[in-house]
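Take a look at the structure set out below.
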Amino acid sequence: MVKNKVPLYYYAMNKESPTYNQDTIVSNYILEPYFYVNWDIHKRVSMSIGARTNIPINKQKQYTSFQYSLKYVPANNHTLILSAGHYHNYTQPDYYNLKYRLLKSKQVSLDYIYENRQTKIQSALYYKQESGERDIDFYYTINKTQTLGVEFSISQTLWNYLTISLSNSTIKQEANVNGTKYKGGHNFLYFLKPSITYSNPKLFSIGLMYIGRPGSYNLHYPVLSSRWNSEAKAYEPIYSQLEEFQNRAYNRLDLSMSKYMTFKTCTLTVYLSINNILNTKNETNELYYYSDYSSIYKKYHSLKTWYFGVVLTF
């Protein structure tokens, strides 16, 4: 059951603006039997298959989801994994869209893993296609999204205590809105995550991690002008056509430190974390307008944040 006070005019959020009571019952019961089988075909080859289907309730559509995975170990420390699947799920009702909409996705991926005592290398190639109506507030509906990605990561431990890691992803994502294609929110030429960690139980642990990527792509309807609506007691925006924009590049550097100490009757852990130590202004995805829609402003993710704690255990 949904009980909210909703603005009579979607753009009128002032205290004086008229509202109405939203009293709606929204329900969606999902009944899904499933099965899963794992088969070790050979000491170097294994396979798994899973499937689930729904028993339609209250005019639900019939669907069947499945997944398949094949694991091959060609040599010690080397692993190849081929996976594919066809999945279904429902959107969740929100403030403006009080409906459950069925979504489906097709996915395929190929992973390679190399791992020994001090080195770990991982790479992956994947493709994902999502379809179904995903309403973004009341503004527009994404009908289909296609994602193609390549990932690579390497981690090396030196002298038992020092670990250096580097990972990068290149993702091409495309969103379809009523037949027009736009860059998706996860369309990144690079997504870097280097880190360095020193962890010595007898001394202390300290780590430095960086995240860097291009700005996210977003869709919005630009406001051309506005007019005062006396009934709504607010300015009514007049929109142009849907277009995409890109945020500025995202950069964040984090530092974490901890010290573990043992005493006769207790243990003590002291830790300190400093997130975004360079105090970089990383933009959120939304565009914000002043009440008369005369200009735009942006909001930012958390700036420099300190966390300090002590854990005492008896």
Side-chain angles (χ1 to χ4, degrees), residues 11 13-15 92 94-96 134 136-137 139-140 142 147 149 151-155 162-173 175 182-200 203-223 234-235 237 243-260 268-312:
Y11 52 84
M13 302 292 183
N14 301 324
K15 292 182 179 179
Q92 295 298 313
D94 59 27
Y95 191 69
Y96 289 103
R134 288 190 294 123
I136 309 301
D137 294 333
Y139 294 108
Y140 60 91
I142 296 178
T147 306
E151 297 179 357
F152 176 82
S153 68
I154 182 170
S155 178
L162 182 66
T163 301
I164 301 174
S165 301
L166 173 65
S167 68
N168 182 56
S169 300
T170 299
I171 306 171
K172 182 179 180 181
Q173 188 177 73
Y182 302 90
K183 291 183 175 68
H186 293 90
N187 190 87
F188 300 127
L189 179 62
Y190 62 90
F191 198 129
L192 286 169
K193 290 184 179 181
S195 67
I196 182 169
T197 304
Y198 176 82
S199 182
N200 187 334
L203 297 177
F204 56 85
S205 295
I206 183 169
L208 196 64
M209 186 181 76
Y210 167 77
I211 298 176
R213 60 168 173 79
S216 300
Y217 285 91
N218 302 279
L219 300 176
H220 81 129
Y221 285 97
V223 175
Y235 284 92
E243 65 178 35
E244 67 183 24
F245 69 94
Q246 186 181 16
N247 289 338
R248 294 200 301 265
Y250 182 100
N251 296 281
R252 173 172 161 169
L253 185 65
D254 297 339
L255 175 68
S256 62
M257 295 178 283
S258 65
K259 171 66 176 176
Y260 180 79
L268 179 67
T269 303
V270 181
Y271 62 89
L272 171 67
S273 295
I274 309 174
N275 295 335
N276 194 6
I277 61 177
L278 299 180
N279 214 33
T280 307
K281 289 186 175 181
N282 292 308
E283 297 175 335
T284 60
N285 290 336
E286 294 79 13
L287 287 177
Y288 296 90
Y289 288 89
Y290 290 98
S291 59
D292 61 354
Y293 297 92
S294 59
S295 58
I296 295 173
Y297 65 95
K298 295 286 292 185
K299 292 184 179 181
Y300 302 97
H301 294 287
S302 298
L303 298 175
K304 184 189 294 184
T305 308
W306 297 68
Y307 297 96
F308 175 77
V310 176
V311 179
L312 182 63

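Keep in mind that this is a model prediction, so the values were computed, not measured.
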> How about Asp292 and Ser294: does a side-chain donor come under 3.5 Å of a side-chain acceptor?
Replying inline: yes

On a heavy-atom basis, the closest approach of Ser302 and Thr305 is CB-OG1, 4.0 Å

Rounding to 0.5 Å, atoms CG (Asn285) and CD (Gln246) come to a distance of 11.0 Å

So does Phe152 get a backbone contact from the side chain of Asn168, meaning a donor-acceptor N/O pair under 3.5 Å? no

* Whether Phe188 and Phe191 hold their rings parallel, tilted or perpendicular, with breakpoints at 30° and 60° -> perpendicular

For Tyr11 and Tyr235 the tightest heavy-atom approach is CD1-O, 3.2 Å

**Prompt:** Side chains of Leu268 and Val270: closer than 4.5 Å at any heavy-atom pair?
**Reply:** yes

Close side-chain approach of Asn282 and Tyr300, heavy atoms under 4.5 Å: no

I want to check something: taking the side chain as every heavy atom from C-beta on, are Lys281 and Leu303 in contact at a cut-off of under 4.5 Å? yes

Report task. Please assess Ser153 against Ser167 for the test side-chain hydrogen bond (donor to acceptor under 3.5 Å, both in side chains), listing each intermediate value before the final yes or no. Result -> CA-CA 4 Å; Ser153 68; Ser167 68; 6.0 Å; no

When rounded to the nearest 0.5 Å, the distance separating CD1 of Ile274 from CG of Leu208 is 10.0 Å

Requested in this report: Find out whether Pro214 and Tyr190 are in side-chain contact, i.e. whether some heavy atom of one side chain is under 4.5 Å from a heavy atom of the other.
Outcome: yes

Quick one, Val311 and Tyr271 - any side-chain contact, counting heavy atoms below 4.5 Å? yes

Exercise. Is a donor on one side and an acceptor on the other found under 3.5 Å between the side chain of Asn247 and the backbone of Thr284?
Worked result: yes

Please table the atom pairs, donor to acceptor, closer than 3.5 Å between any side-chain atom in residues 252-259 and protein atoms at least two apart or in another chain.
from	atom 1	to	atom 2	distance (Å)
Arg252	NE	Asp254	OD1	2.9
Arg252	NE	Asp254	OD2	2.9
Arg252	NH2	Asp254	OD2	3.1
Asp254	OD1	Asn276	N	2.8
Lys259	NZ	Leu203	O	2.5

Exercise for the section: Look at the side chain of Glu283 and the backbone N and O of Lys299, then say whether any donor-acceptor pair between them is shorter than 3.5 Å. Expected result: no

Residues passing the side-chain hydrogen bond (donor to acceptor under 3.5 Å, both in side chains) test with Ser169, sequence neighbours excluded, are none

Nearest heavy-atom contact between Pro222 and His220 is CD-O, 3.4 Å

In short, Ser155 meets Thr163 closest at the heavy-atom pair OG-CG2, 3.4 Å

Going by heavy atoms in the side chains, are Phe245 and Leu219 under 4.5 Å from each other? no

Q: Using a 4.5 Å cut-off on heavy atoms from C-beta on, say whether the side chain of Tyr210 contacts that of Asn251.
A: yes

dist Arg248:CZ -> Lys298:NZ (nearest 0.5 Å) comes out at 8.5 Å

Residues 193-200, side-chain donor-acceptor partners within the protein, below 3.5 Å, at least two apart:
from	atom 1	to	atom 2	distance (Å)
Tyr198	OH	Asn200	ND2	3.2
Ser199	OG	Ser205	OG	3.1
Asn200	OD1	Lys202	N	3.0

Does a sphere of radius 6.0 Å around OH in Tyr307 hold more than 12 heavy atoms from other residues, nucleotides or ligands, not counting ones at 6.0 Å or beyond?
no

Those residues at least two apart in sequence (or on a different chain) that pass ring pair (Phe, Tyr, Trp, His ring centres under 6.0 Å) with Tyr182 are none

Applying salt bridge (charged side-chain N to carboxylate O under 4.0 Å, His left out) to Glu151 and not counting sequence neighbours gives none

| query | Is any side-chain heavy atom of Asn218 less than 4.5 Å from a side-chain heavy atom of Glu244? | reply | no

For Tyr250, the side-chain hydrogen bond (donor to acceptor under 3.5 Å, both in side chains) test, sequence neighbours excluded, returns none

(message) Can you confirm whether or not the ring centre of Tyr297 sits under 6.0 Å from the ring centre of Tyr288?
(response) yes

dist Ile171:CD1 -> Leu189:CG (nearest 0.5 Å) comes out at 11.0 Å

